[in-house]
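Only one structure is covered here, and it is reproduced in the block below.
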Amino acid sequence: MSGTAQFPAETGADGAFVRQRYSIRDRITADGSSGFPAEAGRYHLYVSLACPWAHRAIIVRKLLGLEDVIGMSVVDPLRDERGWAFREGAGHGPDPVCDFQFLSEAYLRTDPAYTGRYTVPCIWDRQTGRLVTNNYPDITIDFETQFTAFHRPGAPDLYPERLRAEIDEVNQIVYREVNNGVYRAGFATSQAAYEGAVEGLFARLDWLEARLAGRRYLVGDQLTEADIRLFTTLARFDAVYVGHFKCNLRRLVDYPNLWAYARDLYQRPGFGETVDFDHIKRHYYMTHDQLNPTRIVPMGPLMDWDAPHGRERLR
């Protein structure tokens, strides 16, 4: 027996959540060969502070010092049947580029026949008057590899060539069973689909706990794209995924290494300052009416993200 799906178009006959393919997939290139050259002031990034996929782009933009190169707008955390909206309020406001009221307007101006969900992050090109991409993995990779001429002095190399094969491999595993795994659990409409997603999720969290026992970072001896992709899921895990998505076999704080690793990242510039638990909790608990029809936002959990993590000893 299956329940009612939050996103019917992305729910299979077996009750499994199948994320839509991101169809706007042009690339920004340093040499302009894609038709979209990396230029300062040309592109505008639309994000939600609640969304883990968008949060990746926010962190990378900040770490690389691209704030004055690529503009950014934050949508309101409450999304209804009209999609993400630009509203007045703390941390967000009107769209400064085209005066859009809803993000859907950017999608439909790009492609009047567009029928998918209107998702963040996405990048608008001021010159051509259209979206370049809504494919979130490409966005951070392009920031890291195509905007190097605009990186701040001393910016970290988050996607070093010598580690790319391993980063890509780890990213694929973490995406399938952790980043998207929590959604496959939360949006499942059958018991079997839910249990399969949860089992895969916690098996992979156990694997990550063991991997991080003797190393500070997921790949190599430095911060990389792989750490950023995992962090945005960990930051939301106890706040929303444990309860709202029923990922409750264990909490993040029950994993000594993962919890210390998450705090290690949180306490660095570009990480903790970009986490907005108010936006995160209000978005999840107030917009998924099939999962939380009362729209009540939990008060907890209480977590000390600033507690010492002790991972400086690891090399």
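Values below: every heavy atom of this structure, side chains too, minus hydrogens, waters and symmetry copies. All residue numbers in this chain count up from 1 along the given sequence.
- Residue Phe187 is tested with Tyr241, Tyr284, Phe245 for a ring-ring contact (aromatic ring centres under 6.0 Å, His included); the sole match is Phe245.
- Under 3.5 Å, the side chains of Tyr217 and Asp264 contain no donor-acceptor pair of N or O atoms.
- Transitive grouping of hydrophobic side chains (ILVMFWY, heavy atoms separated by less than 4.5 Å) brings Trp259 and Trp207 into a common cluster.
- Side-chain contact between Val297 and Met286 is present, with heavy atoms from C-beta onward closer than 4.5 Å.
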Which donor-acceptor pairs under 3.5 Å do the side chains of residues 227-237 make with protein atoms, sequence neighbours left out?
unit_1	atom_1	unit_2	atom_2	d
Asp227	OD1	Leu218	N	3.0
Asp227	OD1	Tyr261	OH	2.6
Asp227	OD2	Thr224	N	3.0
Arg229	NE	Glu225	OE2	2.7
Arg229	NH2	Glu225	OE2	3.0
Thr232	OG1	Pro52	O	3.3
Thr232	OG1	Arg229	O	3.4
Thr233	OG1	Asn179	ND2	2.8
Arg236	NE	Ala50	O	2.8
Arg236	NH1	His55	ND1	3.0
Arg236	NH1	Thr232	O	2.9
Arg236	NH2	Leu49	O	3.1
Arg236	NH2	Ala50	O	3.4
Arg236	NH2	His55	ND1	3.3

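- Taking every heavy atom of both residues into account, Thr140 and Pro137 meet most closely at OG1-O, 3.5 Å.
- Salt bridge status for Arg27 with Asp142: present, with a side-chain N to carboxylate O gap under 4.0 Å.
- No hydrogens or angles considered: a donor-acceptor pair under 3.5 Å links the side chains of Ser73 and His44.
- Proximity of Trp124 to Tyr46: side-chain heavy atoms (C-beta onward) are separated by under 4.5 Å at one or more points.
- Under the 3.5 Å distance criterion, with hydrogens and angles disregarded, a donor-acceptor pair is assigned to the side chains of Asp31 and Ser33.
- Side-chain contact between His288 and Val240 is absent, with no heavy-atom pair separated by less than 4.5 Å.
- We find that Arg42 and Asp125 are joined by a salt bridge, their nearest charged nitrogen and carboxylate oxygen being less than 4.0 Å apart.
- Side-chain atoms of Leu314 and Arg215, non-hydrogen and from C-beta on, never get closer than 4.5 Å to each other.
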Residues Leu45, Phe143; criterion side-chain contact (heavy atoms from CB on, under 4.5 Å); working and verdict:
CA-CA 11 Å; Leu45 174 67; Phe143 285 179; 4.3 Å; yes
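- Within the 4.5 Å cutoff, side-chain heavy atoms of Val174 are placed close to those of Leu208.
- Counting only heavy atoms from C-beta outward, the side chains of Phe271 and Leu63 approach each other to under 4.5 Å.
- Note on Phe102: it does not cluster hydrophobically with Val97, by side-chain heavy-atom contacts below 4.5 Å among ILVMFWY residues.
- Side chain to side chain, Tyr266 and Asp306 fail the donor-acceptor criterion of an N or O pair below 3.5 Å.
- Taking the six-membered ring where tryptophan is involved, the planes of Phe277 and Trp305 are tilted, since the angle between them lies from 30° to 60°.
- Electrostatic pairing of Glu67 and Arg61 does not count as a salt bridge here, judged by no charged N lying under 4.0 Å from a carboxylate O.
- Within 6.0 Å of the CD atom in Gln172, the count of heavy atoms belonging to other residues, nucleotides or ligands does not exceed 12.
- Side-chain contact between Phe17 and Tyr194 is absent, with no heavy atoms from C-beta onward closer than 4.5 Å.
- Considering all non-hydrogen atoms of both residues, Pro160 and Gln222 come closest at CG-NE2, 3.8 Å.
- Contact check on Arg164 versus Asp168 returns no salt bridge, with no Lys/Arg side-chain nitrogen under 4.0 Å from an Asp/Glu carboxylate oxygen.
- Between the side chains of Arg250 and Tyr255, at least one donor-acceptor pair of N or O atoms lies under 3.5 Å.
- Listed here is the closest heavy atom pair of Tyr136 and Arg56: CD1-NH1, 3.4 Å.
- Every residue two or more places apart in sequence or in another chain that forms a side-chain hydrogen bond (donor to acceptor under 3.5 Å, both in side chains) with Arg204 is listed here: Glu177.
- Within the 4.5 Å cutoff, the side chain of Arg130 has heavy atoms near those of the Ile24 side chain.
- Looking only at atom types and distance, the side chain of Glu105 has no donor-acceptor partner in the side chain of Gln101 under 3.5 Å away.
- No more than 12 heavy atoms of other residues, nucleotides or ligands sit less than 6.0 Å from atom CD of Glu161.
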